[in-house]
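Here the structure is laid out as structure tokens; the discussion comes afterwards.
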Amino acid sequence: QVQLVESGGGLVQPGGSLRLSCAASGGSSDNYAIGWFRQAPGKEREEVSCISSASRRDGPIHYVDSVKGRFTITRDSGKNTVYLQMNNLKPEDTAVYYCAAARRYSATLVVQEYVHWGQGTQVTVSS
């Protein structure tokens, strides 16, 4: 069983930056693709970005169009941690951000593929 813990959320002004962390433990987390998703109040959960498993380092990385050029997902295999660097944040990025693990090597933004979820971290972008 893979456990995921997110951190790094907070309040930031428009145009600011935050880095979210997703620490994985348990199971064979190196064999899981990791994704970031978010859910704003009154809206459905939506995909943000995903990265292929540590055992497939040359695997694909995906971003949803609304964050391309602003968000960067990376993995530190030694720390079993995936990061989401978020730059030029906008008020519409405000949401609870979740990381999740999918039992597959190659990254996917298909939410149904993800079987383990963290508890979420709040990101608020406001002046």
Side-chain angles (χ1 to χ4, degrees):
Q1 183 84 2
V2 175
Q3 289 86 41
L4 303 170
V5 178
E6 304 98 331
S7 61
L11 172 64
V12 64
Q13 292 186 343
S17 298
L18 284 174
R19 188 178 77 160
L20 304 184
S21 300
C22 173
S25 61
S28 301
S29 56
D30 280 357
N31 296 327
Y32 285 73
I34 300 294
W36 284 98
F37 299 82
R38 65 188 180 186
Q39 187 166 19
K43 295 187 177 181
E44 293 187 355
R45 188 171 297 187
E46 65 172 354
E47 61 276 8
V48 176
S49 180
C50 56
I51 189 168
S52 296
S53 67
S55 54
R56 184 164 291 184
R57 298 183 182 183
D58 59 346
I61 289 175
H62 300 297
Y63 299 96
V64 67
D65 286 346
S66 60
V67 307
K68 283 181 180 177
R70 301 189 298 123
F71 291 12
T72 304
I73 190 170
T74 57
R75 179 193 290 272
D76 184 334
S77 297
K79 296 182 178 180
N80 288 329
T81 299
V82 171
Y83 302 98
L84 185 68
Q85 177 67 43
M86 307 186 295
N87 297 328
N88 191 21
L89 283 161
K90 304 176 181 181
E92 52 264 40
D93 295 317
T94 295
V96 177
Y97 283 70
Y98 300 89
C99 69
R103 289 196 195 99
R104 51 183 291 150
Y105 295 117
S106 186
T108 178
L109 287 174
V110 177
V111 65
Q112 290 83 0
E113 294 278 349
Y114 289 84
V115 295
H116 303 294
W117 291 81
Q119 82 289 349
T121 186
Q122 176 70 47
V123 171
T124 303
V125 185
S126 175
S127 55

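No donor-acceptor pair closer than 3.5 Å links the side chain of Y114 to the backbone N or O of C99. Side-chain atoms of E46 do not come within 3.5 Å of backbone N or O of R38 as any donor-acceptor pair. Here the side chain of R104 pairs a donor or acceptor atom with the backbone of S106 at under 3.5 angstrom. The backbone N or O of Q119 lies less than 3.5 Å from a partner atom in the side chain of E6, making a donor-acceptor pair. Counting only distance, with no hydrogens or angles, the side chain of T124 and the backbone of T94 share no donor-acceptor pair below 3.5 Å. Although no hydrogens or angles enter the test, the distance criterion places no donor-acceptor pair under 3.5 Å between the side chain of S127 and the main chain of Q13. S53 places no side-chain N or O within donor-acceptor distance of the main-chain N or O of A33, the cut-off being under 3.5 Å.
Closest approach of V2 and A101 over heavy atoms only: CG1-CB, 4.5 Å. Between R75 and Y32 the shortest heavy-atom distance is NH2-O, 3.3 Å. Heavy atoms only, all atoms of each residue included: Y98 and G118 are closest at CD2-O, 3.7 Å. Considering all non-hydrogen atoms of both residues, S52 and A107 come closest at OG-N, 3.0 Å. The minimum heavy-atom distance linking H62 with S49 is given by the pair O-OG, 2.9 Å.
Considering only heavy atoms from C-beta on, T72 comes within 4.5 Å of Y63 through its side chain. Counting only heavy atoms from C-beta outward, the side chains of V115 and R103 approach each other to under 4.5 Å. V123 is listed as a side-chain neighbour of V125, based on a closest heavy-atom distance under 4.5 Å.
Figure legend: cation-pi geometry between R19 and Y83, with NZ or CZ positioned under 6.0 Å from the six-membered ring centre and within 45° of its axis.
Of the residues V12, T121, L84, N87, the one that meets the side-chain contact (heavy atoms from CB on, under 4.5 Å) test with L18 is V12.
For the residue pair N31/S55, the side-chain donor-acceptor check at 3.5 Å is satisfied.
Residues D93 and K90 are not paired through a salt bridge, judged by the lack of any N-O separation under 4.0 Å between the basic side chain and the carboxylate.
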